[in-house]
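Take a look at the structure below.
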Amino acid sequence: MRTRRTMLDKIWDAHFVAKRLDGRDMIYIDRHVLHDLHAPHAFEKLEQTGRNVRRADLTFSMQDHTVATKPGRDETTNPDGAQFQRAMREGSLKNGIRLFDLDDPEQGISHVVAPELGLVLPGATHAVPDSHACTVGGLGALGLGCGTSELEHILATQTIALKRPKSLRITLDGALDPYVTAKDVALRILALFGTSFGRGAAIEFAGPVARALSVEARMTLCNLTIEMGSRAGFVAADEKTFEYIKGRPYAPRGAEWDAAVAQWLLAASDEGATFDTELSVDCTGLAPQITWGTDQGQTIGIDETIPLVAGDAQARVKAQQAFAYMGLEPGAPIAGVKVDRVFIGSCTNARISDLRAAADIIKGKHAAPGLTAMVVAGSTSVKRAAESEGLDRIFKDAGFFWGESGCSMCAGGNGDRGRPQERVVSTTNRNFEGRQGKGVRTHLASPEVAAATAIAGVIADPRRI
Amino acid sequence: MQKFICVTGVAVPVLEDDINTDKIAPIPTKRSLKPDYEDMFFHRARRRDDDSVDPAHVLNQPQFARASIFVTGRNFGCGSSREGAVWCMQAVGISCIIARSISDLYRENCLQNGVLPVELADDVASDLEQRVVAANGAQPFTVDLRTQTISGPGGADIHFEISSADRTRLLEGLDDIGMSLKNADAISAWEARTRTESSWLQKAVRAPGTEIVR
Ligand code: SF4
């Protein structure tokens with residue numbers, strides 16, 4: 001065993017159960033959260049093979065992907081989703097798994113709700129059959145997205161069988177200017193290094209910028225690690241993290257809390273630990289970022305022009321396709337491009353701090369005429385908190401749709417989609433062709449940029465509103 | 001699990017980088033627990049704006065209709081964890097994916113379903129891509145996992161690397177969960193140890209009367 005260990009080494013070694021026949025490490029999963037889109041299939045498979053859920057007490061179910069967002073919704077509001085939600089209900093009940101159903105005051109997107117409930121703990125492992133499980137890395141946990149077969153494997157064994165990833169550290173230097181956020185840092189990383197540099201690795205975000213970010217902002221940063229090609233990304237826990245977790249419903253208490261904190265303090269990478277790869281990004285003077293194309297590497301500062309086609313033949317073809325799909329010309333400024341819709345939501349950017357930041361910009365103003373503006377809180381409790389602060393009024397007065405919590409337009413799995421050729425500024429994580437509906441042109445950005453854009457009706461810099 | 005030993009068949013060149021799971025298996029407009037995976041396969045990419053089938057798309061060309069080997073670029077299968085993006089490949093008869101690189105999650109989902117994921121270095125990949133384009137579906141290629149070779153018209157056999165563990169798993173069609181459950185005692189031992197050393201990890205119990213704080 002190495003003497004100076006990285007955080008990844010520590011979590012991995014602490015959760016190592018056995019080496020399998022095929023050389024893979026079986027890693028224990030401390031908390032497993034399921035969702036309506038993929039769990040029904042695994043429940044069915046499990047039943048067919050006559051296997052049991054090993055630790056229903058460490059497993060939780062969330063209805064998020066297929067739920068309607070329309071106020072007053074029930075199962076019938078999105079008829080296509082009903083079969084998923086019913087299967088989820090039946091499977092959870094049969095297997096003794098706590099379900100956060102449609103009408104539960106704590107329902108919401110799994111990656112938003114699990115941290116809120118105190119289900120995510122530093123140094124712990126966390127799995128969800130959804131690639132954005134990496135979000136919870138913001139609390140210093142190892143969040144692993146998995147496929148449906150892997151989900152079934154975790155249900156049956158409470159472990160996942162993997163090869164140990166390589167370690168990759170990104171040091172974020174400098175400090176962020178006002179209106180520049182974790183989202184912008186993540187998009188900048190994608191612009192610099194592309195969408196696959198993290199393959200085979202787990203990313204640790206470190207440095208003064210990572211330390212200065214709030215816990216919620218760290219979750220936004222970690223949310224985008226899968227877009228960098230990594231299954232997991234994390235920020236070491238610190239006092240801010242402990243503060244965030246303390247008192248949450250499922251968090252340890254009393255003497256156990258003290259013992260837990262003592263261990264969490266030792267969970268960070270050792271000084272002088274060596275990483276397989278080290279990268280650094282200077283965030284000084286970073287502008288708000290926005291994607292112009294159809295992958296997240298196609299990102300620029302909001303005050304820049306859409307780049308001319310560069311790179312090898314493949315990259316040029318890709319850029320040409322992106323220009324055509326997005327209806328944009330190289331060389332033109334991105335700011336000022338007319339927008340049809342703004343979506344503030346998803347596990348990337350729909351926590352309370354995101355809604356506050358957006359409301360702050362929108363307050364006393366109105367969305368541009370003809371523009372559709374939507375806010376969908378990341379969880380029902382985020383929604384309630386926002387309502388108690390009067391944020392819902394600010395959004396509604398500004399002409400925004402104020403929806404019930406769920407994934408909504410992030411992937412359109414519940415029927416919330418844009419129309420062909422519609423241009424959307426979205427606080428989500430994927431600008432892939434067709435992701436938000438056939439022909440929909442998605443620009444990823446922070447809630448601040450989305451809010452400024454909603455007011456202006458064109459892509460706008462929040463620093464100038 | 002389904003075994004993978006060897007496949008001989010048409011190789012289809014889809015020579016793009018960063019093909020994501022939303023492209024491979026777009027979420028259908030009408031959702032279903034039992035979707036038509038064959039129809040889902042590159043559903044939007046294979047159609048024009050008016051939803052009619054685009055005959056020019058490589059995946060719609062008749063010579064590739066029965067392809068069993070899918071040849072593609074870098075970072076194939078990036079995006080979501082949806083296993084449907086592998087199931088829809090299988091639904092149209094594809095059992096081997098040869099790429100310049102494949103995303104971690106997608107590669108894993110292939111192994112879970114008996115689909116062989118092959119990653120080739122750029123120069124070798126480029127040679128194979130040219131040969132596959134030249135063959136244009138008229139002559140078959142063979143991918144043999146036992147010998148770790150790709151053979152076909154237009155050149156010499158190509159050797160590919162795969163870890164011996166993944167190779168065995170595919171060749172023998174090992175039951176993944178069954179393999180892990182052989183270590184059931186080790187799982188119990190881990191749980192017992194953790195119950196004493198880090199008790200909070202082994203229980204997720206809600207403290208009575210607690211609510212989400214902010
Ligand atoms: S909000 Fe989007 S990315 Fe997040 S879990 Fe839902 S569909 Fe996935």
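Keep in mind that the numbers below use all heavy atoms, side chains included, and drop hydrogens, waters and symmetry copies. Note on naming: letters A, B, ... go to the chains in the order of the sequence lines (proteins, then strands), and numbering restarts at 1 for each one.
- Under 3.5 Å, the side chains of B:Ser188 and A:Arg54 contain a donor-acceptor pair of N or O atoms.
- Only the side chain of A:Arg430 comes within less than 4.5 Å of a heavy atom in chain B; its backbone stays farther off.
- To the nearest 0.5 Å, atoms CZ (B:Arg82) and OG1 (A:Thr148) are separated by 10.5 Å.
- Looking at A:Ala411, both its backbone and its side chain come within 4.5 Å of chain B, counting heavy atoms on both sides.
- At least one donor-acceptor pair under 3.5 Å links the side chain of A:Arg31 to the backbone N or O of B:Leu201.
- When atom types are taken as modelled, the side chain of B:Lys203 and the backbone of A:Asp57 share no donor-acceptor pair closer than 3.5 angstrom.
- For a residue to count as touching a neighbouring chain, one of its non-hydrogen atoms must lie under 4.5 Å from one of that chain's; by this rule A:Phe60 touches chain B with the side chain only.
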Notebook entry, point to check: Hey, mind stepping through B:Asp17 and A:Lys318 against salt bridge (Lys or Arg N to Asp or Glu O under 4.0 Å) and telling me if it holds?
Noted result: CA-CA 8 Å; B:Asp17 290 341; A:Lys318 241 186 85 182; over 6 Å; no
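- Note that NZ of A:Lys438 is 4.5 Å distant from CG of B:Asp51, once rounded to the nearest 0.5 Å.
- Not one N or O on the side chain of A:Glu256 forms a donor-acceptor pair closer than 3.5 Å with the backbone of B:Ser199.
- For residues 115-133 of chain B, heavy-atom neighbours of chain A at less than 4.5 Å comprise B:Glu119, sorted by residue number.
- Options B:Leu33, B:Asn113, B:Thr168 differ in how many heavy-atom pairs under 4.5 Å they form with chain A, and the most are formed by B:Leu33.
- Of the atoms belonging to A:His153, heavy atoms from both backbone and side chain fall under 4.5 Å from chain B.
- Chain A is approached within less than 4.5 Å, heavy atom to heavy atom, by B:Arg74, B:Asn75, B:Gly79, B:Ser80 from residues 70-80 of chain B, ordered by number.
- For A:Lys166, the NZ atom is loosely surrounded, since the number of other residues' heavy atoms within 6.0 Å does not exceed 12.
- When each of A:Ser196, A:Gly81, A:Ala124 is checked for heavy-atom pairs under 4.5 Å with chain B, A:Ser196 comes out on top.
- Atom OG1 of A:Thr159 and atom CD1 of B:Ile187 lie 4.5 Å apart (nearest 0.5 Å).
- If you measure heavy-atom distances from A:Tyr28 to chain B, the contacts under 4.5 Å come from the side chain alone.
- To the nearest 0.5 angstrom, A:Asp22 atom CG is 8.0 Å from B:Ser180 atom OG.
- In terms of modelled atom types and a separation under 3.5 Å, the side chain of A:Arg231 and the main chain of B:Leu105 share no donor-acceptor contact.
- One distance of note links CD of A:Glu44 with NZ of B:Lys34; it measures 3.5 Å at 0.5 Å rounding.
- Residues B:Ile27 and A:Arg417 form a side-chain contact, since some pair of their non-hydrogen atoms from C-beta on lies under 4.5 Å apart.
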Item checked: Intermediate values then yes/no, salt bridge (Lys or Arg N to Asp or Glu O under 4.0 Å), A:Arg24 and B:Glu108 -> CA-CA 12 Å; A:Arg24 287 177 173 236; B:Glu108 203 55 50; 2.7 Å; yes
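- Neither the backbone nor the side chain of A:His132 comes within contact range of chain B, judged by heavy atoms closer than 4.5 Å.
- Using a 4.5 Å cut-off between heavy atoms, A:Lys19 touches chain B through its backbone atoms (N, CA, C, O) alone.
- Per-residue counts of heavy-atom pairs under 4.5 Å with chain A were compared for B:Glu83, B:Arg206, B:Glu16; the largest is that of B:Arg206.
- Using a 4.5 Å cut-off between heavy atoms, A:Leu151 does not touch chain B at all.
- When A:Gln158, A:His38, A:Glu152, A:Arg55 are compared by the number of non-hydrogen pairs under 4.5 Å with chain B, A:Arg55 comes out ahead.
- With hydrogens and angles ignored, the 3.5 Å screen pairs a side-chain donor or acceptor of A:Arg20 with a backbone N or O of B:Asp176.
- Each of A:Glu150, A:Gln321, A:Glu433 has some count of heavy-atom pairs under 4.5 Å with chain B, and the biggest count is that of A:Glu150.
- The closest donor-acceptor contact from the side chain of B:Gln112 to the backbone of A:Ser149 lies at 3.5 Å or more, if one exists at all.
- With a 4.5 angstrom heavy-atom cutoff, A:Gln296 does not touch chain B via any of its atoms.
- The line from CD of A:Gln436 to CG of B:Asp22 is 10.0 Å long, rounded to the nearest 0.5 Å.
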